[in-house]
Amino acid sequence: MRKLHVFDTTLRDGEQSLPGTLRPEVKLEIARQLVRLGVDVIEAGFPASSPGDMQAVQAIAADVRGVVVCGLTRAVRTDIDKAWEALKRAESPRIHTGIATSPIHMQYKLRKSPDQVLEMAVDAVSYAKRYVSDVEFYAEDATRSDLEFLKRVVSAVIKAGATVINIPDTVGYATPWQFEEMILRLRQEVPELDRVTISVHCHNDLGMATANTLAGIRAGATQVEGTINGIGERAGNAALEEVIMAVYAHRGAYDVRLDVNTREIGTTSRLVAERTGVPVPNYKPVVGANAYSHASGIHQDGVLKKPDTYEIMRPETIGMGRSKIVLTSRSGRHALRARLQQLGYDVQADRLDTLYERFLELADARGLVDDGDLVQLVQGV
Ligand code: KIV
Ligand code: ZN
């Protein structure tokens with residue numbers, strides 16, 4: 001099985017979207033948790049962007065072990081010098097350099113011709129190779145690039161020494177079918193890609209970042225990039241917890257192996273939410289507060305008999321506590337009785353009917369019925 005490398009960019013793509021920056025000690029705290037989670041690469045920041053980020057990347061590089069520490073740069077030599085300055089104490093440093101390859105970015109943003117962009121890309125990779133053996137190249141806005149030009153750039157930067165090729169869907173424009181096709185064609189038509197790692201980096205503007213990332217894996221990518229809780233530019237990046245659990249839930253369907261400790265996902269998600277101040281929505285897949293909560297009587301009956309009836313993954317696997325049965329007027333007798341048993345009341349069938357009627361009256365009036373309400377109800381009956 002191919003090893004699937006997990007590249008976390010919470011501290012770079014995630015952080016750059018926040019209204020405020022994260023202090024170096026906070027970035028270090030998150031990086032340490034990412035190590036416990038078992039990611040393979042931590043993109044710690046963009047060292048040339050500010051002295052604070054330089055300091056944060058330096059602190060992470062000097063501290064964490066057993067993981068690649070990566071710094072982002074533009075295809076500019078001074079950025080690369082700064083990245084090396086930040087990364088030199090890392091056990092396994094990686095420089096992540098690149099440039100936009102789409103017509104719209106080249107013409108309006110960079111104001112460069114395709115040939116100039118190609119030259120800058122090759123120069124950046126060759127220059128980064130003077131410092132580190134592990135150089136990742138990103139072709140920004142790859143999914144809106146001309147495929148023939150993208151192939152030329154990818155082939156040239158691999159010849160210049162790039163070890164990882166990142167194909168980003170920078171603006172979240174691709175669909176899974178297009179993205180899979182694009183990676184497959186690149187693999188077929190750029191033979192040099194066989195000797196490097198192909199990485200996918202998807203944004204969520206159309207809500208397809210996770211799906212596109214999975215399509216990339218199907219097409220042969222062996223590195224996935226994303227952030228915890230999906231934070232990131234605009235609508236965010238692919239949420240790593242979703243990608244990881246999708247691969248985990250469908251293990252067998254993808255020919256890949258993951259070395260992540262899924263039980264650390266819950267803690268990592270909570271830490272990132274607290275430190276960034278970006279709360280996790282209740283209905284967020286995998287880590288939302290409601291993700292393992294069962295409300296309808298039909299579902300509750302099923303889950304109490306066999307959790308797999310309504311749970312495709314167990315909250316314990318993700319470190320998200322236990323499944324919850326919430327008692328509302330949509331709940332059934334089975335759920336009420338089970339909760340009463342947990343509270344120490346073994347209610348017989350004849351009394352359950354009366355209790356259930358009173359419970360429904362209360363639930364219709366109140367919404368959620370908690371344990372205190374239940375105790376009062378039983379004592380009243
Ligand atoms: O979305 C993107 O293209 C990026 C690159 C800098 C990798 O974040
Ligand atoms: Zn990005």
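Any value given below was found using the heavy atoms of this structure, including those in side chains, with hydrogens, waters and symmetry copies removed. As the structure lists them, so they are numbered: ligands from 1, and atoms in each ligand from 1.
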So, [X] side chain and [Y] main chain: donor-acceptor pair closer than 3.5 Å or not?
X      : Y      : result
Asp141 : Ser102 : no
Asp63  : Ile60  : no
Arg337 : Val347 : yes

Going by atom types only, do [X] and [Y] share a side-chain donor-acceptor pair under 3.5 Å?
X      : Y      : result
Thr227 : Asn237 : no
Asp259 : His5   : no
Asp79  : Thr73  : no

If the cut-off is 4.0 Å to any non-hydrogen atom of [X], which atoms of ligand 1 fall inside it?
X      : result
His203 : 1 (O)
Asp13  : 8 (O)
Glu140 : 3 (O)
Asn166 : 7 (C)

Name of the His201 atom (N/O/S only) found closest to the Zn ion (ligand 2): NE2
Glu136 and ligand 1 - part of the residue with a heavy-atom distance under 4.0 Å: neither
Check: His96 ring centroid to Tyr138 ring centroid under 6.0 Å: yes
Protein heavy atom at shortest distance from atom 4 (C) of ligand 1: His201 NE2, 3.5 Å
Closest protein heavy atom (residue, atom, distance) for atom 3 (O) of ligand 1: Thr170 OG1, 2.6 Å
Angular separation of OD2 (Asp13) and NE2 (His203) seen from the Zn ion (ligand 2), to 10°: 100°
Ligand 1 contacted by Arg12 (non-hydrogen, < 4.0 Å): yes
